[in-house]
Amino acid sequence: MDGHYDAIVIGMGPGGEVAASRLAAAGKRVAVVERELVGGECAYWACIPSKTLLRPPEVRAEAAAVAGLSAPQPDWQAMRAHRDTMIRHLDDSAQVEGYRSTGVTVVKGSARITGRDPWRVEAGDAVLTAGDVIVATGSSPIRPPVPGLEEVTVWTNREATTLAEIPARAVVVGGSAVGVELGQFLARMGTRVTLLQRGPFLMNREDPRIGALTAALLTRDGVDVRTGSEPRRFFREGTDSVVELDDGARIAADVVLLATGRRPRTEGLGLEEAGVEVGARGLAVDERCRVAEGLWAVGDVTGVALFTHVAKYQGRVVADNILGRDRVADYTAVPRVVFSDPEIAVVGLTEDQAREREIDFITAEVDLAATLARPWTYATEPEGHMGVLADRERRVLIGAWAVAPLAGEVIHTAALAVREAIPVDRLTDGIAQFPTYNEGYVLAVEALNL
Ligand SMILES: Cc1cc2nc3c(=O)[nH]c(=O)nc-3n(C[C@H](O)[C@H](O)[C@H](O)COP(=O)(O)OP(=O)(O)OC[C@H]3O[C@@H](n4cnc5c(N)ncnc54)[C@H](O)[C@@H]3O)c2cc1C
Ligand SMILES: NC(=O)c1ccc[n+]([C@@H]2O[C@H](COP(=O)([O-])OP(=O)(O)OC[C@H]3O[C@@H](n4cnc5c(N)ncnc54)[C@H](O)[C@@H]3O)[C@@H](O)[C@H]2O)c1
């Protein structure tokens, strides 16, 4: 395994996988180092299990919401078995074999950078050198520094997405993507969920309107949403995990689910020793995802935007640059979708971001049920809201959002408009298929009255 390679990839989540596959396909000698499972957090403990688990309760709720159907009963054993299939029973041997069969050297172990010029990486007994190293080590959950956390039953995304039994009571700490998705899942599976969010709004990276719509959808599913609330201490009482809030209130639960954000996984990589600075947000990269000469980073570890599609995009950017095709990353209009029911989808700038950039902007919102036919053919109690933000001067969309069924699909129409700066006049002249949720965009853009 020792030897010199064209490129070494550290971490084989989605970012590392895309970079490694592209470089290998282009004929480069590639070694990859993975300390857990090839596929990374996304494949085993994040995107894939969570979206797999969310789907049956979503279908159940959809069935209950159309005329003439009654809600099917969830079969937890079958759901769990399918989740286990989707996460490959936490076995990556087929993935490892797949890479080896294409000539990629796969080293299982924790990588450490021990030299530069050429870059030298050690993992277990292996010593590898290469002209290019790509750090793709992802992120770990943040544990809030609250006293007593070690005394209670704590779940991070790992325990929550591989859960074997549905807990009776859960306190979810954090009200953004992880808290909303997993909080809704648990509530729909019968858990009594209390969700604590510091600050006044859920989804606090987005506009407050989205936070309000999110709170409404969770509340409808029975989640006790407490904004402006955070744990002051945790303690155990018998078998209960008790959370004491900053206002003194106490909530007894079976599990405390941490959904409090993530930090870059850079510890133990030997970066500082190699003269590479690591910031609190992650490994700072330039517009080509370069950290230093011959050192690149992709995915969550860069802190740019913690999404699989961004990790994969950065993997493509880095592979192209290493292959001599100069390529600069453009993060305009990255979709941000929370797979709740209904879905929450956002793209482009929030109002605060537009203000910070001193853009003269205008917004409009449409109530989809009040304006479109599709919500009525979709469900007996239709719902859905869609909003747009436009730059008055440039006459283009700079942001859009939807909280509606299929919003995660529909948002790509707006993503294209924002990314390509399609003039508002072209958008209002658009013809969307009748009856679809997509028709909402023409109405929303018209409502801007630009
Ligand atoms: C519950 C949850 C649900 C999510 N759902 C979505 C979703 O639906 N859509 C979406 O776009 N994003 C989602 N995300 C975010 C997504 O999981 C991450 O953005 C994505 O996994 C980042 O990919 P990555 O390649 O940067 O890192 P990771 O997937 O974290 O992979 C990094 C890999 O590096 C390895 N590694 C780390 N250090 C070393 C080392 N020193 N040596 C060797 N190997 C190392 C790790 O073992 C790991 O396999 C979700 C996140 C969570 C927590
Ligand atoms: N569908 C998706 O694409 C998807 C799904 C899940 C996660 N992710 C990604 O994973 C990353 C992690 O998600 P996340 O939701 O854990 O993190 P986040 O950083 O997006 O949100 C954390 C939330 O927890 C709150 N919080 C933090 N500490 C708290 C405390 N002590 N008490 C109460 N509230 C507290 C914050 O105010 C914030 O709203 C995100 O960047 C997200 O993009 C994406």
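When a ligand or atom number is given, it counts from 1 through the structure's own listing order. Values reported hereafter were calculated over all heavy atoms of this structure, with side chains retained and with hydrogens, waters and symmetry mates removed.
Ring geometry for Trp76 against Phe185 counts as tilted: the plane angle lies between 30° and 60°, on a 0 to 90° scale.
Protein heavy atom in closest approach to atom 4 (C) of ligand 2: Ala177 CB, 3.9 Å.
In this structure, Ala259 has a heavy atom closer than 4.0 Å to ligand 2. Under a 4.0 Å heavy-atom criterion, Arg205 is in contact with ligand 2. Look at Lys51 and you'll find a heavy atom under 4.0 Å from some atom of ligand 2. Under a 4.0 Å heavy-atom criterion, Cys47 is not in contact with ligand 2.
For a threshold of 3.5 Å applied to N or O pairs, the pair formed by Val338 and ligand 2 contains no separation below that value. At a 3.5 angstrom cut-off on N or O pairs, Pro144 does not count as close to ligand 2. The distance criterion of under 3.5 Å between nitrogen or oxygen atoms is met by Asn204 with respect to ligand 2. Any N or O atom pair closer than 3.5 Å counts here, and Leu306 shares at least one such pair with ligand 2. At under 3.5 Å, not a single nitrogen or oxygen of Arg262, backbone or side chain, sits near a nitrogen or oxygen of ligand 2. Residue Gly261 has at least one N or O atom closer than 3.5 Å to an N or O atom of ligand 2.
Remark: the Arg265 side chain and the Ser139 side chain contain no N/O donor-acceptor pair separated by less than 3.5 Å. In the model, Tyr99 has no side-chain atom that pairs as donor or acceptor with a side-chain atom of Glu34 under 3.5 Å. With hydrogens and angles left out, the side-chain atoms of Trp119 and Asp132 include no donor and acceptor closer than 3.5 Å.
Under 4.0 Å from ligand 2, the heavy atoms of Glu181 that appear belong solely to its side chain.
At least one side-chain heavy atom of Arg60 sits less than 4.5 Å from a side-chain heavy atom of Pro74.
For Arg55 and Glu181, the salt-bridge test fails: no basic side-chain N is under 4.0 Å from an acidic carboxylate O. Between Arg232 and Asp246 there is no salt bridge, since none of the side-chain N atoms of the basic residue sits less than 4.0 Å from a carboxylate O of the acidic one. Salt bridge Glu206/Arg336: present, at least one basic N to carboxylate O contact under 4.0 Å.
Each of the atoms 33 (C), 34 (N) of ligand 2 lies under 4.0 Å from some heavy atom of Leu196. Numbered from 1 in the order shown, with element, the atoms of ligand 2 that lie under 4.0 Å from a heavy atom of Gly174 read 24 (O), 25 (C), 34 (N). Interface of Pro231 with ligand 2, defined as ligand atoms under 4.0 Å from a residue heavy atom, comprises 32 (N). Which parts of ligand 2 touch Val173 is read off a 4.0 Å heavy-atom cut-off, strictly below it: atoms 30 (C), 32 (N), 33 (C). Taking a cut-off of under 4.0 Å to the non-hydrogen atoms of Val178, the atoms of ligand 2 that pass are 6 (C), 7 (C), 13 (O), 14 (P), 15 (O), 16 (O). Close approach of ligand 2 to Val337 (heavy-atom distance below 4.0 Å) involves ligand atoms 1 (N), 2 (C), 3 (O). Those atoms of ligand 2 with a heavy atom of Phe339 less than 4.0 angstrom away are 1 (N).
Using modelled atom types, one side-chain atom of Gln197 and one backbone atom of Gly175 make a donor-acceptor pair closer than 3.5 Å. In this structure a side-chain-to-backbone donor-acceptor pair under 3.5 Å is missing from Tyr44 to Arg158. Within the 3.5 Å criterion, the main-chain N or O of Ile142 finds a donor-acceptor partner in the side chain of Thr260. Side chain of Asp240 to backbone of Ala252: no donor-acceptor contact under 3.5 angstrom is found.
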Worksheet entry | From CA spacing to verdict: side chain to side chain contact (heavy atoms under 4.5 Å, CB included), Val121, Val107 | CA-CA 11 Å; Val121 173; Val107 178; over 6 Å; no
Item to complete: Evaluate the side chain to side chain donor-acceptor pair (under 3.5 Å) criterion for residues Asp352 and Thr350: first the C-alpha distance (whole Å), next the side-chain angles of each, then the deciding distance (0.1 Å), finally the verdict.
Response: CA-CA 5 Å; Asp352 275 351; Thr350 62; 5.5 Å; no
Worksheet entry | Audit row: Glu273, Arg112, salt bridge (Lys or Arg N to Asp or Glu O under 4.0 Å) steps and yes/no | CA-CA 10 Å; Glu273 295 86 330; Arg112 186 175 170 78; 3.1 Å; yes
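When heavy-atom distances to ligand 1 are checked against 4.0 Å, the residues falling inside are Ile10, Gly11, Met12, Gly13, Pro14, Gly15, Val33, Glu34, Arg35, Glu36, Leu37, Gly40, Glu41, Cys42, Ala46, Cys47, Ser50, Lys51, Gly109, Ser110, Ala111, Ala136, Thr137, Gly138, Ser139, Asn157, Val178, Arg262, Arg265, Leu269, Gly299, Asp300, Leu306, Phe307, Thr308, His309, Ala311, Phe339, ordered by chain and number.
Leu416 pairs in a side chain to side chain contact (heavy atoms under 4.5 Å, CB included) with only one of the listed residues (His412, Arg419, Glu420), which is Glu420.
When the heavy-atom distances from atom 31 (N) of ligand 2 to Arg198, Arg232, Glu206 are ranked, the shortest goes to Arg198. Among His309, Gln197, Glu230, the residue whose heavy atom lies nearest to atom 36 (C) of ligand 2 is Gln197.
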